Structure formats: C-alpha cells, structure tokens
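Excluded from the calculations below are hydrogen atoms, water molecules and symmetry mates; all remaining heavy atoms, backbone and side chain alike, are included. Counting convention: from 1, in listed order, for ligands and their atoms alike. Computed from a predicted model, the values in this text were never measured in an experiment.
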Amino acid sequence: MPRSEPIKAARGVRDILPAAIPLWRQAEQGAAGVAQRFGYQEIATPIIEQLELIQRVGEDTDAVAKELYRVEKRGTQNLALRPEATAGVVRAYFEGGLNQGPQPARLYLIGPMFRYDRPQKGRYRQFFQFNVEAIGVGSPAVDVEVIELARSWLIEVGLDKLALELNTIGDDQCRPAYLDLLRTYYRPLKDKLHPDCQRRLEVNPLRLLDCKVPQCQPLKTGAPKITDHLCEPCASAWAVVLKLLDAAGIGYHLNPYLVRGLDYYTRTTYEAIATSGLGAQSTLAGGGRYDGLVKDLGGPDVPGIGFAAGVERLALLLAQEGKERATRPVVFIAPLGDAEAARADQLAQQLRAAGLATEVSFRKSNPGNQLKRADALGARFALVLGDQELKSDRAKLKELKTGAQHEVTLSGFADEVRKLTGGPR
Ligand code: AMP
C-alpha cells in the first residue's frame with residue numbers, strides 16, 4: 001500500500017463514534033441494570049482463551065469450525081480470540097471457585113466476540129454480546145428466569161415488537177432415539193436435501209431442522225417433533241417451563257425447528273426475535289440449557305443455562321425505531337466576554353452538581369451563532385450571558401425546540417432549571 005493512502009479499519013469491524021455511543025450505552029447499561037436486578041453479577045473473562053477450550057465447546061459450529069480467529073502461536077500455547085462467551089465463563093466458574101459459592105452462580109458479561117464471517121448489516125467480525133449464564137442448578141425455573149431477564153432487557157431499552165421462540169431438545173436419555181426417528185424420516189428424502197444437509201443427515205440430523213436453505217424447507221413439515229418423544233424427566237421439565245411462562249404472562253411461540261447442534265445442549269432452547277426492522281439478521285438473543293457442557297470439558301456433572309445477545313443489532317434497531325434516549329446537554333451556556341465566562345463556569349458547576357448536563361461555549365461569536373451551536377448539540381436550553389445579564393442578575397433562558405423564553409435569575413439558576421426540567425435526568 002503506498003504510504004500516502006490512509007489506512008482504514010480492518011474489514012468487518014467498526015468504530016463506535018461519539019454520535020452512536022448514547023444508543024450503545026442505552027443497550028449496555030440497560031443490560032447491566034436488568035441483570036443486576038435479577039441478582040446476576042458481572043464477570044469479565046479474557047478475549048483470548050486457549051484454542052482447545054474454544055474448540056471443545058464449539059466444535060462443529062460455524063463460529064469455531066470456519067470463523068475462528070486463531071492467534072499466531074506465542075510460546076507454547078495455541079490461542080484463539082473468543083467467538084462466544086460461555087466457554088470462558090464456565091472455565092472461570094471453576095478456576096475462580098464460583099462453584100463453591102451459592103448456586104446457581106448468576107453471571108453476566110458484556111464484551112467483544114470475534115468471528116471471521118462475511119460482513120453484512122447486523123453481522124460483523126468484531127461484535128459485542130451481552131451474555132448471561134446461570135450455572136449450577138438444573139431446575140426449569142432457572143430457564144424461565146433467564147428468559148424473563150432477556151425479555152425484560154429488550155423491553156426496558158425500548159423494544160415492543162418482539163417474539164419469543166421456544167423449544168426443547170430433550171437430553172441424552174431421549175434424544176438418541178429421536179435422532180434415529182429423524183434419520184429414518186429423512187433418509188428416503190436425501191436426494192432432495194442440499195449437500196450440507198445430506199452430510200448432516202447421519203452425523204448431526206438435528207441441524208436439518210434449523211437449515212435455512214429454501215429447498216430443504218418443505219421437507220421439514222412431516223419430520224417427527226421431539227416434543228412428542230421426550231423422556232419423562234424432560235417432559236415434566238418442559239411442562240414446568242411452559243406453566244411458569246404462562247403464569248408470568250410471557251407469550252411465546254413453540255418452534256419445533258429451534259435446535260442447537262451440539263450434544264451438550266439439553267432441553268430448553270429459545271430465541272428473542274425482532275418482528276420488524278432487522279430483515280434477515282433479526283435474532284436479538286439466543287440461548288439454551290447446556291447440562292452436558294461441563295462434563296464434556298472434563299469437569300463434574302454441573303448444569304447450566306444462558307443466552308447471548310448482540311449489542312450492535314439492538315443498537316441498530318433502537319436507532320431505526322427512533323428509540324434513542326436523549327443524553328444531550330440540558331443547558332448550553334454562551335458567555336459573550338471574559339467576565340461572563342467566569343460566571344458561566346460557576347453556573348455550569350452548580351447545574352452539574354444538581355445532575356444537569358451542561359456545556360459552556362468557548363467560542364466567541366454573536367448570540368445568533370451561539371444559539372445555532374446549542375441547537376446543533378441538541379441542547380434543551382440555551383443561555384446567552386452578556387454584560388446586561390450579569391448586572392441585572394436576570395436572563396432569558398431559551399427552550400430551543402419550542403422557542404419559549406423563560407425568565408430566570410442567575411443567583412437561583414440551578415433551582416429554576418431544575419424546576420423547568422422536573423429534576424435531573
Ligand atoms: P450466537 O452466539 O451465534 O447464538 O449469537 C447470539 C447473538 O449474537 C445473535 O442473536 C446476534 O444478536 C449476535 N451476533 C452473532 N453473530 C454476530 C455477528 N457476526 N455480528 C453481530 N452480531 C452477532
């Protein structure tokens with residue numbers, strides 16, 4: 001590349017510029033707030049993990065088989081950038097002794113994940129996830145708790161067009177027999193399946209159900225449903241999940257095609273979907289129970305359930321729907337000269353102490369330009385401070401949206417603004 005050409009960001013990754021940060025924080029802070037109210041504690045695990053951990057948790061998923069960012073070998077360890085959070089969180093649960101504390105360990109994590117996927121709207125190579133895990137208790141009541149948490153988050157940040165898709169995929173007692181039924185059903189149809197599904201038919205037939213390729217869709221309709229073939233413990237856990245969701249007034253749509261392709265996943269699987277606005281990438285959060293995972297990793301028999309949700313997708317949707325909550329300055333103060341600048345700083349201090357976001361103009365220009373600037377910043381009020389205002393202790397506070405002029409005193413300014421706004425934001 002010639003030296004004169006500016007170097008751009010790597011393909012598929014993005015800067016979150018200041019203008020996009022408020023929405024981003026809205027999604028993130030909403031996540032942290034809701035998680036904490038549900039009794040979940042934050043955990044931060046490294047972005048790099050040992051390759052083997054990532055591979056064992058994700059073998060046969062695209063995120064690991066095809067899209068993994070491996071880190072060039074340093075020293076003796078093979079490392080990878082995490083494509084999802086569960087592997088690291090489960091590792092830390094044992095390594096950090098959280099398995100010795102009260103169970104379930106209720107954990108949440110917000111951080112970047114990495115997948116070498118084809119970039120498109122709502123799909124990036126570095127993206128942030130809000131991840132929730134409840135480890136150590138197998139009760140179906142925990143399934144409902146995490147589903148409720150995901151839903152509360154999405155509603156709290158401002159979404160209302162949501163659907164909850166729900167399914168169960170049984171466990172190692174009932175699933176093998178069901179998979180045999182599924183193979184028996186699909187074998188005579190093999191020629192009609194697309195090549196990936198032909199291959200999966202013997203090795204991982206559950207994945208045929210979540211295939212999105214058009215030619216495979218009509219074949220699904222006659223496929224046996226796992227909910228008709230659950231063992232007794234899985235059937236009663238499923239009944240409890242549905243009963244508790246009903247009792248909590250949470251609507252859902254049973255989707256027999258919602259599956260997870262890895263053996264360690266058990267029972268409840270779910271997705272929260274945006275019913276408008278995101279097109280093909282409409283899944284906001286997806287999760288499920290993974291009672292077999294810890295054993296697969298060489299640990300004891302410890303159940304767990306969680307979900308992962310994309311922060312970019314949520315921010316994108318909130319922006320499209322105009323759900324951004326204002327984080328603009330409440331007051332913009334424009335002093336016209338040096339003496340006024342000192343007074344402006346005092347007023348700003350008082351406003352900020354009262355919890356009201358305030359910006360002081362450092363540019364010397366006429367009142368008209370100052371008001372334009374206040375408008376461009378999205379401030380709610382503008383105060384132009386001149387000699388006259390200082391002398392009389394009186395000023396006109398302009399409300400930019402409506403053009404209304406409020407008579408205020410400078411000595412009681414913070415209180416008067418607070419009254420106008422109904423308190424700090
Ligand atoms: P997954 O871990 O694949 O089940 O994804 C969980 C959630 O993370 C999805 O529902 C998306 O909201 C988000 N997500 C997954 N992959 C990407 C990506 N490449 N770019 C942006 N968001 C993603």
*If you measure only the distance, is there a donor-acceptor pair under 3.5 Å linking the side chains of His253 and Glu165?*
yes

*Could you find the nearest protein heavy atom to atom 14 (N) of ligand 1 and give me its residue, atom name and distance?*
Phe127 CE1, 3.6 Å

*If you have a sec, work out which protein heavy atom is nearest atom 10 (O) of ligand 1 and how many Å separate them, to one decimal?*
Thr283 O, 2.9 Å

*Should we say atom OH of Tyr116 is surrounded by more than 12 heavy atoms from elsewhere, each under 6.0 Å from it?*
no

*Is Arg313 touching ligand 1 with its side chain, its backbone, both, or neither, if touching means heavy atoms under 4.0 Å apart?*
side chain

*asked:* Test of understanding: given a 4.0 Å heavy-atom threshold, classify the contact between Gln129 and ligand 1 as side chain, backbone, both, or neither.
replied: side chain

*Numbering the atoms of ligand 1 from 1, which are under 4.0 Å from a heavy atom of Arg115?*
1 (P), 2 (O), 3 (O), 15 (C), 16 (N)

*Please write down residue, atom name and distance for the protein heavy atom closest to atom 13 (C) of ligand 1.*
Gly310 CA, 3.5 Å

*Of the protein's non-hydrogen atoms, which lies at the shortest distance from atom 21 (C) of ligand 1, and what is that distance?*
Gly122 O, 3.3 Å

*Salt-bridge present (Glu145, Arg106; N to O < 4.0 Å)*: yes

*Record the part of Leu314 in heavy-atom contact with ligand 1 below 4.0 Å; permitted values are side chain, backbone, both and neither.*
neither

*Could you check whether the rings of Trp153 and Phe307 sit parallel, tilted or perpendicular, using 30° and 60° as the cut-offs?*
parallel

*Please write down residue, atom name and distance for the protein heavy atom closest to atom 4 (O) of ligand 1.*
Arg260 NH1, 4.1 Å

*Would you call Leu284 a ligand 1 contact, heavy-atom distance under 4.0 Å?*
yes

*Where is the nearest protein heavy atom to atom 20 (N) of ligand 1: which residue, which atom, and how far?*
Tyr124 N, 2.8 Å

_Crowding at CD, Gln41 (>12 non-hydrogen neighbours, <6.0 Å)_ = no

*Go through the side-chain N and O atoms of Asp143 and Thr268 and say whether any donor and acceptor fall under 3.5 Å apart.*
yes

*Hey, mind stepping through Asp246 and Tyr252 against side chain to side chain donor-acceptor pair (under 3.5 Å) and telling me if it holds?*
CA-CA 9 Å; Asp246 289 340; Tyr252 50 84; 3.0 Å; yes

*How far is atom 7 (C) of ligand 1 from its nearest protein heavy atom, and which residue and atom name does that atom have?*
Ala308 O, 3.6 Å

*Can you establish whether the number of heavy atoms outside Gln120 located under 6.0 Å from its atom CD is more than 12?*
yes

